[in-house]
Structures are given as structure tokens and as C-alpha cells.
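Order of the sequence lines sets the chain letters (A, B, ...), proteins ahead of strands, with each chain counted from 1. Fair warning: this is a prediction, and the values are worked out from it, not measured in the lab.
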Protein chains: 2
Amino acid sequence: MGDTIQMSFIEIQPIAASLRDDAVIAETDTACSPPARRDAIGAEAADELARSLKALADPARLRLVSMVAAHVDAEACVCDLTEPLGLSQPTVSHHLKVLVEAGLLTRDKRGTWAYYRLVPGALDSLAALLAAV
Amino acid sequence: MGDTIQMSFIEIQPIAASLRDDAVIAETDTACSPPARRDAIGAEAADELARSLKALADPARLRLVSMVAAHVDAEACVCDLTEPLGLSQPTVSHHLKVLVEAGLLTRDKRGTWAYYRLVPGALDSLAALLAAV
DNA sequence: CCCATAAATTGACATCCATCGATGCATTCG
DNA sequence: CGAATGCATCGATGGATGTCAATTTATGGG
């Protein structure tokens with residue numbers, strides 16, 4: 001099913017366009033500082049971005065993404081990742097699931113093996129959103 | 001004290017240069033996939049990056065950073081941030097502390113008020129590191 | 001068929017974390 | 001000096017999270 005790929009990839013894009021949709025300008029113009037210069041990001045946009053960042057805010061998952069990217073064709077199966085990571089197979093599977101659900105990796109099961117691939121542009125989109133906060 | 005500023009800013013920079021210092025190439029050349037094309041990031045680099053990302057992987061903290069950036073001179077005091085965020089003052093103080101310790105904000109207490117400011121370049125450095133994973 | 005292998009799922013456990021109320025600590029003002 | 005204000009710290013609590021052993025679910029080979 002390519003559904004997961006499409007859905008999560010589409011999810012990321014609109015954030016950039018609507019980063020400040022539900023933004024709220026600080027109305028409390030007390031004496032301590034001047035009012036806002038521009039809008040801050042909205043609560044919902046912050047929720048979305050935080051959920052994506054949470055997926056990457058883990059050493060094991062960062063290494064997994066990097067290891068997948070380091071492979072030829074940016075593709076790797078679980079058996080290649082478990083040992084160098086030093087974690088148990090269920091734990092690696094768990095982390096990979098989180099990354100897939102976050103729209104950063106895709107899973108492709110061929111025969112006995114499950115191959116994971118980078119979603120092209122996902123990391124760069126996230127980085128761009130981060131820099132635009 | 002500008003110590004916090006200097007220390008944490010210096011912390012971020014070397015990561016980019018040593019992203020793959022302690023990297024380990026996947027040696028397990030089993031049948032399921034070809035060997036690595038390049039090194040993945042190292043365990044320590046992943047730890048460092050994950051710690052920085054964790055600081056931002058929270059809706060409240062993302063909004064705080066954005067709200068501080070939205071202010072004139074990119075400066076804001078706690079009293080400006082508490083109400084629009086909808087969180088209690090101790091919670092906001094807690095989040096701000098996390099952001100300062102992560103090297104993203106600086107704290108400057110003037111009189112009764114505490115002014116928070118963006119560390120210039122910190123967000124962009126993080127975004128660059130993220131895209132380079 | 002039955003066994004071996006790869007990977008996902010489950011259940012359990014320890015730890016971390018976001019949040020709040022209460023309290024403490026400066027600083028300012030009357 | 002004493003009251004008030006802004007902010008940090010403390011302690012508690014409910015919920016999320018990383019990890020593993022055990023089990024389950026395919027898939028492939030003899």
C-alpha cells in the first residue's frame with residue numbers, strides 16, 4: 001500500500017503554507033516589552049511540527065534514518081540495522097514503525113525481508129519548517 | 001553571565017564537522033541488501049542531535065521560540081508569553097529553561113522581569129544538521 | 001508437511017516528561 | 001519596613017516512551 005507514503009508526505013507540505021493559520025498575536029500589551037512584530041506559529045501547526053520532530057528526537061531513530069540513507073538506493077532491511085545499532089530486533093522494528101508513521105520512511109516487504117527507504121524530501125521539508133519557526 | 005550563550009552555541013557547531021566521527025559501517029553483509037554507500041552518523045553525534053531536537057519536539061516550546069522570534073528585537077518576557085500560550089507560569093518557566101539549556105534562547109534578567117531572546121543562528125544550525133543526517 | 005528464518009506484535013517494566021499548585025526569592029514601590 | 005509583583009524552584013501526579021523477552025505471523029526450503 002502506498003497510502004502511508006502519500007498521506008504522510010502530503011501531511012508535511014501544507015504545514016509550511018499554514019504555519020501561522022491559527023496564530024494568536026500577544027494582546028497583553030503590558031509595560032514589560034513592546035507588542036509583537038509578526039505572528040507566531042499557530043497551536044495546530046506547533047502540534048504537527050512537534051509530532052514530526054518527536055519522531056526524530058531519538059538517537060536510535062536518527063541513526064536508523066542515517067543508516068538507511070547511507071545504503072545504496074537508500075534502502076535497507078531490518079537485519080542490516082539491528083546489529084550495528086546494538087538494540088534488539090523488536091526495538092528496531094518499533095523505531096522503524098514510528099519513522100514510517102511519521103512519513104520519513106517507507107516500508108516495502110519483499111519475501112521474508114522488509115526493506116525501508118527514505119521518503120524523498122521529507123527530511124528537507126522538516127528542516128525548512130524548523131528554520132521557519 | 002554570557003556563559004550560557006557561549007557554551008551552548010559552541011556545543012552545536014562541532015556536531016556538523018564530526019557528524020560521522022564514531023560512525024560504524026554496517027559490516028553484516030548478508031544476502032538481503034548491498035553494503036553501505038557511505039557512513040551513517042555516529043552514536044555520539046546522534047545523542048547530541050537528539051538532545052537538541054528533543055528540546056524543540058514539544059508544541060509549547062515551538063510556540064515559545066516562535067513567539068520570542070515574533071517580538072521586536074526578538075525579545076520577550078515571561079509575562080508576555082504565559083497568557084497566549086494557555087499554560088501556567090511555572091510550566092512556561094520550565095519550558096523556557098529547557099530552551100535556554102538547549103542553547104536556543106538566552107535569559108537576561110533586568111529588574112523584576114526576565115527577557116528571553118533567540119540565539120542567532122541556533123535554529124538554522126539545527127535545521128542544517130537535520131538535513132545532513 | 002514441518003522446520004527455519006525474518007519481522008511484527010504483545011505484555012511488562014522502568015524511566016522520563018509535561019503539567020500544576022504551593023512555596024520561595026528577588027525587586028520595586030508606597 | 002511591608003506589601004505587591006515577576007519569576008524560579010519544589011513536590012506530586014498522570015501519561016507517554018524506550019526497551020526487552022516471549023509470542024505470533026508470514027515466507028521459503030527440504
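- Distance, A/Leu96 CG to D/dT19 C1': 15 Å, rounded to whole Å.
- Listed candidates were D/dG6, C/dT19, C/dA8. Nearest to the side chain of B/Trp113 is D/dG6.
- When rounded to the nearest whole Å, the span between CD of A/Glu101 and P of C/dA8 equals 12 Å.
- Taking every side-chain heavy atom of B/Cys79 into account, D/dC7 is the closest of D/dG18, D/dC7, D/dT17.
- Contact annotation: A/His94 reaches the phosphate of D/dG18 (side-chain N/O to OP1 or OP2, under 4.0 Å).
- Taking 4.0 angstrom as the limit, B/Thr91 places a side-chain polar atom (N or O) nearer than this to OP1 or OP2 of C/dC20.
- Distance B/Arg51 CZ to C/dC17 C1': 16 Å, rounded to the nearest Å.
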Which parts of nucleotides 21-30 of chain D does protein reach within less than 4.0 Å, heavy atoms only, written one letter per nucleotide 5' to 3' as B for base, S for sugar-phosphate only and - for none?
BB----SS--
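- Taking atom CG of residue B/Asp47 and atom C1' of nucleotide C/dC16, one finds them 15 Å apart after rounding to whole Å.
- Rounded to whole angstrom, the span from the CZ atom of B/Arg107 across to the C1' atom of D/dT9 amounts to 12 Å.
- Between the B/Thr82 side chain and the B/Val78 main chain, a donor and an acceptor come within less than 3.5 Å of each other.
- The side chain of B/Ala60 has C/dT19 as its nearest neighbour among C/dA8, C/dT19, D/dT17.
- For A/Asp108, the side chain to side chain donor-acceptor pair (under 3.5 Å) criterion is met by A/Arg110, not counting sequence neighbours.
- In this model, the phosphate group of D/dA8 is approached by a side-chain N or O of B/Tyr116 to a distance below 4.0 Å at OP1 or OP2.
- Each of A/Val100, A/Leu105, A/Thr106 was compared with A/Val119 under the side-chain contact (heavy atoms from CB on, under 4.5 Å) criterion, and only A/Thr106 meets it.
- Here the rule is side-chain contact (heavy atoms from CB on, under 4.5 Å) with A/Leu99, and of A/Leu62, A/Val68, A/Asp58, A/Leu64 only A/Leu64 fits it.
- Within the structure, every side-chain polar atom (N or O) of B/Tyr115 is placed at least 4.0 Å from both OP1 and OP2 of D/dC7.
- Taking atom CG of A/Leu85 as the reference point, atom P of D/dG18 lies 13 Å away to the nearest angstrom.
- Looking at residues two or more places apart in sequence or on another chain, you find a side chain to side chain donor-acceptor pair (under 3.5 Å) between B/Ser88 and B/Thr91.
- Residue B/Leu87 has its side chain nearest to C/dT19 when only D/dT19, C/dA18, C/dT19 are considered.
- One atom, CG of A/Leu53, and another, P of D/dA16, lie 19 Å apart when rounded to the nearest Å.
- Of the candidates D/dT9, C/dT9, D/dT17, the closest approach to any side-chain atom of A/Lys54 belongs to D/dT17.
- With C/dA18, C/dA8, D/dC7 as the candidates, the nucleotide lying closest to the side chain of B/His95 is C/dA18.
- Residue B/Glu83 contributes atom CD, which lies 16 Å from atom C1' of D/dG6 at whole-angstrom precision.
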